[in-house]
2 protein chains.
Amino acid sequence: MRKVYTAATAAADVEAVFRLLEGRWKLVILFHLFGGQVQRFSDLEKLIPGISQKMLAQQLRQLEADGIVERKQYPQVPPKVEYRMTEWGQALCPALDSLLKWSEEKNMNKEDVIQKNMNRVGES
Amino acid sequence: MRKVYTAATAAADVEAVFRLLEGRWKLVILFHLFGGQVQRFSDLEKLIPGISQKMLAQQLRQLEADGIVERKQYPQVPPKVEYRMTEWGQALCPALDSLLKWSEEKNMNKEDVIQKNMNRVGES
DNA sequence: CAGTATCCTTAAAGATACTG
DNA sequence: CAGTATCTTTAAGGATACTG
């Protein structure tokens with residue numbers, strides 16, 4: 001059974017999702033973890049040019065607190081910490097992909113867009 | 001043919017989509033227009049408690065500039081202006097719905113989430 | 001009715017330096 | 001290696017008043 005939404009509640013719930021992902025660096029981090037990669041803190045630092053340690057740590061903390069990524073710390077010196085997607089976080093990937101599909105439709109002609117979305121009705 | 005993405009470009013493109021929608025009031029406005037409703041400026045003002053004229057006008061301008069909503073002005077006094085979704089804007093609705101589906105999965109158990117996303121593979 | 005124009009507040013992000 | 005702590009900058013949004 002799907003939840004039932006009014007305009008206000010649908011907007012509020014989508015905004016809640018946005019707030020989970022809105023950080024300046026969260027999406028890059030996620031796309032480096034989608035696909036099952038396991039990355040250390042320093043790996044992500046290298047993969048994401050321009051990010052500061054402060055921001056990387058902050059965004060990871062939030063993603064972890066929100067249940068989107070998982071943090072695994074190995075008790076050794078020097079420290080070793082790994083990050084990976086949670087099951088639920090991984091499920092975000094196809095949802096973001098539908099946003100990418102939409103943005104790709106921008107310069108399609110009307111008939112194509114209508115066609116695409118008629119196909120999409122069959123999904124549910 | 002789908003566009004090909006790296007982690008960086010996928011993140012950048014999703015961020016671009018977010019920027020289109022991120023305004024404090026944009027989503028509420030959109031959900032009041034999804035479904036084909038045509039709303040006047042004053043209708044939206046009544047439908048969205050707490051919004052100021054400044055913010056309503058600003059968000060509508062941006063949505064219009066981005067090709068998501070359409071503005072139709074009738075040359076009469078007092079003025080009459082109507083807003084509706086564009087074809088492309090309307091196509092955003094199923095994409096946002098997949099975000100809602102994802103957020104609804106939050107408290108499902110592992111097997112359900114895996115199952116849901118295995119089903120989802122069949123879409124493309 | 002459908003907007004502008006100004007001024008003000010405040011969170012998010014950046015720069016930089018330091019540490020178990 | 002994997003972070004904190006602190007200070008500064010900036011842009012989004014709110015309050016309020018005015019208008020063709």
Side-chain angles (χ1 to χ4, degrees), chain A residues 8 11-12 14-30 32-33 37-66 68-85, chain B residues 8 11-12 14-30 32-33 37-66 68-85:
Chain A
V14 174
E15 269 158 28
V17 172
F18 279 17
R19 245 170 284 122
L20 300 182
L21 307 175
E22 246 179 38
R24 170 82 178 72
W25 304 96
K26 284 185 185 173
L27 286 169
V28 214
I29 296 171
L30 292 183
H32 280 293
L33 294 175
Q37 297 97 318
V38 176
Q39 311 275 15
R40 299 183 60 171
F41 189 91
S42 54
D43 293 332
L44 291 169
E45 245 187 302
K46 285 164 207 154
L47 286 167
I48 306 172
I51 198 170
S52 67
Q53 291 186 313
K54 173 196 160 183
M55 289 310 293
L56 180 54
Q58 184 188 100
Q59 308 281 285
L60 285 169
R61 294 280 161 283
Q62 292 177 14
L63 289 169
E64 191 197 354
D66 293 331
I68 296 170
V69 309
E70 237 166 39
R71 180 178 187 272
K72 191 170 182 180
Q73 179 168 5
Y74 297 85
Q76 58 185 49
V77 179
K80 175 177 173 180
V81 180
E82 288 180 344
Y83 295 91
R84 76 195 68 211
M85 302 300 297
Chain B
V14 174
E15 269 157 28
V17 171
F18 278 17
R19 244 170 285 121
L20 300 181
L21 307 175
E22 247 179 36
R24 172 81 178 74
W25 303 97
K26 284 184 185 173
L27 286 169
V28 214
I29 294 171
L30 292 183
H32 279 294
L33 294 175
Q37 297 98 317
V38 176
Q39 310 275 15
R40 299 183 61 169
F41 189 90
S42 53
D43 292 333
L44 291 169
E45 246 186 303
K46 284 164 209 154
L47 286 167
I48 305 172
I51 198 169
S52 67
Q53 290 184 313
K54 172 197 161 182
M55 289 310 294
L56 180 54
Q58 183 188 101
Q59 308 281 288
L60 284 169
R61 295 280 160 283
Q62 294 178 12
L63 289 169
E64 191 198 354
D66 292 329
I68 296 170
V69 309
E70 236 166 40
R71 178 178 189 273
K72 192 171 183 182
Q73 178 168 6
Y74 297 87
Q76 60 185 47
V77 180
K80 175 178 173 179
V81 180
E82 287 178 346
Y83 295 92
R84 77 194 69 213
M85 302 301 295

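The shortest non-hydrogen separation linking B:E15 to A:R24 is OE2-O, 3.8 Å. Of all the heavy atoms in B:V69 and B:Y83, the pair that sits closest is CG2-CD2, 4.5 Å.
Counting to the nearest Å, the P atom of D:dC1 and the CD atom of A:Q76 are 12 Å from each other. Rounding to whole angstrom units, CG of residue B:L56 and P of C:dG3 are separated by 8 Å. In this structure, CD of B:Q73 is placed 10 Å from P of C:dA2, rounded to the nearest angstrom. Atom C1' of nucleotide C:dA12 and atom CD of A:Q59 are separated by 10 Å, given to the nearest angstrom. For the pair B:I51 CD1 and C:dG3 P, the computed distance is 12 Å after rounding to whole Å. Following rounding to the nearest Å, B:Q39 (CD) and C:dG3 (P) show an atom-to-atom distance of 14 Å. A:D43 places its CG atom 15 Å from the C1' atom of D:dG3, with the value rounded to the nearest Å. One interatomic measurement links the two molecules: OH of B:Y74 to P of C:dG3, which rounds to 13 Å at whole-angstrom precision.
Here A:K72 does not pair with A:E70 in a salt bridge; the nearest charged N to carboxylate O distance is not below 4.0 Å.
A sub-4.0 Å separation between OP1 or OP2 of C:dG14 and a side-chain N or O of A:S52 is absent. Phosphate proximity of C:dA2 to B:R40: present, with a side-chain N or O under 4.0 Å from OP1 or OP2. The side chain of A:W25 places no N or O atom within less than 4.0 Å of a non-bridging phosphate oxygen (OP1 or OP2) of C:dA12. Taking side-chain N and O atoms only, A:R24 has no distance below 4.0 Å to OP1 or OP2 of C:dA12.
Distances from the side chain of A:R61 to the nucleotides D:dA2, D:dG3, C:dG3 place D:dG3 closest. Listed candidates were C:dG3, C:dG14, D:dG3. Nearest to the side chain of B:F41 is C:dG3. Which of C:dC1, C:dG3, D:dA2 sits closest to the side chain of B:P78 comes down to C:dC1.
C:dC18 and D:dG3 make up a base pair, with Watson-Crick or G-U wobble contacts both under 3.5 Å.
Residue whose closest nucleotide on DNA chain D sits further toward the 5' end, between B:Q62 and A:R71: A:R71. Closest-nucleotide positions on DNA chain C for A:G23 and A:P79 were compared, and the one nearer the 5' end corresponds to A:G23.
Taken from CD in B:E64 to CD in B:Q59, the straight-line distance is 13.5 Å, to the nearest 0.5 Å.
Between the side chain of B:K54 and the base of D:dG14 there is at least one donor-acceptor pair of N/O atoms closer than 3.5 Å.
Each of A:L27, A:D43, A:L44 was evaluated against A:H32; a single residue qualifies, A:L44, per the side chain to side chain contact (heavy atoms under 4.5 Å, CB included) test.
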